[in-house]
Enquirer: 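Next up is a structure, given as structure tokens.
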Amino acid sequence: MTRRVAVVGAGSSGLTCIKCCLDEGLEPVCFESSDDIGGLWRFKENPEPERASIYHSLIINTSKEMMSFSDYPIPAHFPNFMHNSLIMDYFRMYADHFHLHKHVRLNTKVLQIKQRSDFSRSGQWDVETENKDGKQERHIFDAVMICIGHHCEPHLPLQDFPGIETFKGKYFHSRDYKTPEEWRNKKAVVVGIGNSGIDIAVELSRVTKQLYLSTRRGAWILNRVGEKGIPLDLIFNRVLEMLQRYLPFGFLCSLGENWLNQRFDHALYNLKPKHRLFSQHPTVNDDLPNRILSGTVQVKPNIRRVHGSSVEFDDGSVVDDIDLLVFCTGYSFSYPFLASSVISVSENKASLYKYVFAPELDHPTLAVIGLVQPLGAIMPISEMQARWATRVFKGCIKLPPTKVMLKDIEYKKEAMAKRYVTSQRHTIQVDYITYMDEISEIVGVHPRIFRTMLTDPQLGVKLLFGPCTPYQYRLRGPGKWAGARRAIFTQWERVVQPMQTRPCSQPKAKRSSLWALVLPTAAVALLSYHYRNNVSAFLQDPSAFLASFNIHL
């Protein structure tokens with residue numbers, strides 16, 4: 001019989017879980033509590049309880065080639081950094097193309113998920129749901145995939161802001177922010193310097209009388225636009241990942257910090273943190289330096305206290321007549337429909353093997369998908385997790401013993417604590433390439449780069465030196481896609497197309513003579529390595545060596 005899988009949530013993670021279930025011959029049923037797919041990226045004018053909520057102007061920080069699902073590239077004419085409405089368009093296209101809608105039950109909330117009485121034998125789950133009319137149903141599933149993300153419960157630590165109860169203006173969490181118009185010619189303070197904090201501060205500063213950006217630690221600010229106008233995340237390839245793995249952490253941080261300070265001096269702009277560049281989740285914004293230069297944004301330290309309409313900061317400065325406080329203080333996550341014995345969450349920490357599987361269940365029939373904060377795109381990561389989980393459900397892949405999984409969990413916790421500053425947001429961090437490679441090795445879809453260098457040199461060069469786009473993980477193994485190679489070869493065309501909106505003649509580039517130098521140098525290096533043990537033979541008969549050199553060349 002076909003194994004039935006419950007998918008909780010129809011956001012980006014839920015949609016790819018449905019698709020991966022279908023790929024493996026499983027029967028997915030997706031329960032979505034709202035009236036539409038899209039999850040976090042579906043804009044709603046009024047925030048809904050227990051659901052993620054975004055502001056109207058939100059644009060993703062990851063370029064389209066890096067965030068595409070691995071067998072369905074985003075259309076070439078879409079911009080590289082997409083507005084939330086275009087992301088929704090892409091999700092709808094993906095769902096239509098793979099016929100996912102018929103597996104989604106909208107307006108259906110999951111009330112409870114618990115192990116069946118015979119779980120130790122069957123590995124099955126009881127799932128209780130409720131539709132919009134209040135009708136409750138019970139279902140039996142062979143496996144469960146939880147895809148509710150980690151942006152549903154706003155973290156609002158009001159206890160850290162003495163006097164907030166006396167504030168005469170209005171305050172709210174960033175999830176309740178939608179548009180800036182209401183605050184024209186007002187004075188506002190934005191608390192927090194993560195991505196939402198800077199986005200909202202920059203947008204508000206265009207209409208407010210004055211905007212104050214309050215931060216405890218400061219931050220290193222990256223921009224979307226990289227060298228020569230290329231999306232910044234496309235420069236991070238496997239070569240850089242190797243350097244990151246083998247070079248000293250402090251040295252890499254210094255290189256990155258010096259590079260960022262070439263754009264603007266973080267100390268001069270009062271933003272430089274004490275922590276190193278790679279010790280915090282990156283903050284991405286192209287506009288903040290300009291807003292600080294124009295004086296519309298003033299960077300301030302942490303809030304010491306609030307009194308009436310006045311706000312005092314840790315440096316002793318006081319600003320009066322504040323109308324708005326926006327707390328961009330992150331989110332918490334939990335699973336209220338699950339018993340704590342299944343997945344225990346404390347201070348945004350959950351003990352999951354590679355952030356997916358609960359290690360102490362009798363059967364690996366429960367998977368959490370998308371519970372990561374990547375230095376890169378989350379969509380391909382959720383897809384890779386789903387490909388792994390469905391192969392485990394099907395019995396094609398076995399998890400290691402519980403002891404091994406627990407050891408891996410502890411190792412990751414220690415590594416994270418050593419690298420990152422202590423923060424609620426730094427509990428589920430992963431590096432995109434490293435994590436994707438780790439899971440893809442298990443699934444059997446990791447690209448064989450050096451073998452490809454021999455069998456398909458053009459492709460091999462693109463895999464090694466080009467951006468690590470998700471299509472690399474569809475070249476081989478389960479789920480291999482015939483269009484993966486072409487998607488890799490045409491990815492730069494899709495990057496360029498949306499920017500080519502008018503004819504622009506360019507002089508032809510002169511042919512570089514660099515290869516004339518590189519190829520002989522490489523040949524000499526290879527021959528030197530090959531004949532490293534025959535130095536005496538070379539000295540006795542150099543003509544033979546030179547003849548061999550000519551043949552190789």
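The residues of the chain are indexed from 1 along the displayed sequence. Just so it is clear, the model here is predicted, and its values are computed rather than measured. The figures that follow rest on heavy atoms only: side chains count, while hydrogens, waters and symmetry mates do not.
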Enquirer: Report the relative orientation of the aromatic rings in Phe91 and Phe69; use parallel for angles under 30°, tilted for 30 to 60°, perpendicular for over 60°.
Expert: tilted

Enquirer: Do you see a donor-acceptor pair shorter than 3.5 Å between the side chains of Trp125 and Thr365?
Expert: yes

Enquirer: Are any side-chain N or O atoms of Ser279 and backbone N or O atoms of His275, one a donor and one an acceptor, separated by less than 3.5 Å?
Expert: no

Enquirer: Take a 6.0 Å sphere around CD of Glu441 and say whether it holds more than 12 heavy atoms from other residues, nucleotides or ligands.
Expert: yes

Enquirer: Examine the side chains of His281 and Gln429 and answer whether a donor and an acceptor come within less than 3.5 Å of each other.
Expert: yes

Enquirer: Students often mix this up, so state it plainly: with edges at 30° and 60°, are the rings of Tyr72 and Phe98 parallel, tilted or perpendicular?
Expert: perpendicular

Enquirer: For the atom pair SG (Cys147) and CZ (Phe31), what is the distance rounded to the nearest 0.5 Å?
Expert: 12.5 Å

Enquirer: Does one side chain, of Ser34 or Arg42, offer a donor that lies under 3.5 Å from an acceptor on the other?
Expert: yes

Enquirer: Measure up the Trp388 and Phe357 rings against each other and bin them: parallel (under 30°), tilted (30 to 60°), perpendicular (over 60°).
Expert: perpendicular

Enquirer: Rounded to the nearest 0.5 Å, what's the gap from CZ on Arg419 to CD on Gln280? Could you check?
Expert: 11.5 Å

Enquirer: Rounded to the nearest 0.5 Å, what separation is found between the CD atom of Glu414 and the CD1 atom of Ile409?
Expert: 12.5 Å

Enquirer: Does the side chain of Ser63 pick up a donor-acceptor pair with the side chain of Asp233 at under 3.5 Å?
Expert: yes

Enquirer: Is a side-chain donor-acceptor pair under 3.5 Å present for Glu153 with Ser332?
Expert: no

Enquirer: Please determine whether the number of non-hydrogen atoms from other residues, nucleotides or ligands lying under 6.0 Å from atom CD of Glu48 exceeds 12.
Expert: yes

Enquirer: Once you round to the nearest 0.5 Å, how far does CG of Leu247 lie from CG of Leu255?
Expert: 8.0 Å

Enquirer: Would you mind reporting whether Leu406 and Glu360 have side-chain heavy atoms less than 4.5 Å apart?
Expert: yes

Enquirer: For Lys109, does the NZ atom have more than 12 heavy-atom neighbours from other residues, nucleotides or ligands under 6.0 Å away?
Expert: no

Enquirer: Quick one: does any side-chain atom of Lys64 pair with a main-chain N or O of Pro75 as donor and acceptor, under 3.5 Å?
Expert: yes

Enquirer: Going from CG on Asn80 to CD1 on Ile59, what distance comes out if it is rounded to the nearest 0.5 angstrom?
Expert: 12.0 Å

Enquirer: Examine distances only and state if a side-chain atom of Asp89 and a backbone atom of Arg92 form a donor-acceptor pair shorter than 3.5 Å.
Expert: no

Enquirer: Is the number of heavy atoms from other residues, nucleotides or ligands within 6.0 Å of CZ (Arg263) greater than 12?
Expert: yes

Enquirer: Would you please say whether a donor-acceptor pair under 3.5 Å links the side chains of Asp199 and Tyr55?
Expert: yes

Enquirer: Do Asp126 and His139 have a side chain donor and acceptor closer than 3.5 Å?
Expert: no

Enquirer: Give the minimum heavy-atom separation between Ala95 and Leu15, together with the two atoms involved.
Expert: CB-CD2, 4.5 Å

Enquirer: Side chains of Thr490 and Arg494 only: does a donor on one sit below 3.5 Å from an acceptor on the other?
Expert: yes

Enquirer: Using the ring of Phe141 (Phe, Tyr or Trp, six-membered ring only), decide whether Arg4 places NZ or CZ under 6.0 Å from its centre and within 45 degrees of its axis.
Expert: yes

Enquirer: Please confirm whether the backbone N or O of His446 pairs with a side-chain atom of Asp437, one donor and one acceptor, at under 3.5 Å?
Expert: no

Enquirer: Just by modelled atom types, is the Val239 backbone N or O under 3.5 Å from a matching donor or acceptor in the Asn237 side chain?
Expert: yes

Enquirer: Give the minimum heavy-atom separation between Val445 and Pro478, together with the two atoms involved.
Expert: CG1-O, 3.3 Å

Enquirer: So, taking the atom named CZ in Arg238 and the one named CD in Gln472, what distance separates them when rounded to the nearest 0.5 Å?
Expert: 4.5 Å

Enquirer: Are Ser33 and Arg51 linked by a side-chain donor-acceptor pair shorter than 3.5 Å?
Expert: yes

Enquirer: Where is the tightest heavy-atom contact between Ser254 and Arg276, given as atom of each residue plus distance?
Expert: OG-NH2, 2.9 Å

Enquirer: For Gln385 and Tyr355, does a side-chain donor sit closer than 3.5 Å to a side-chain acceptor?
Expert: no

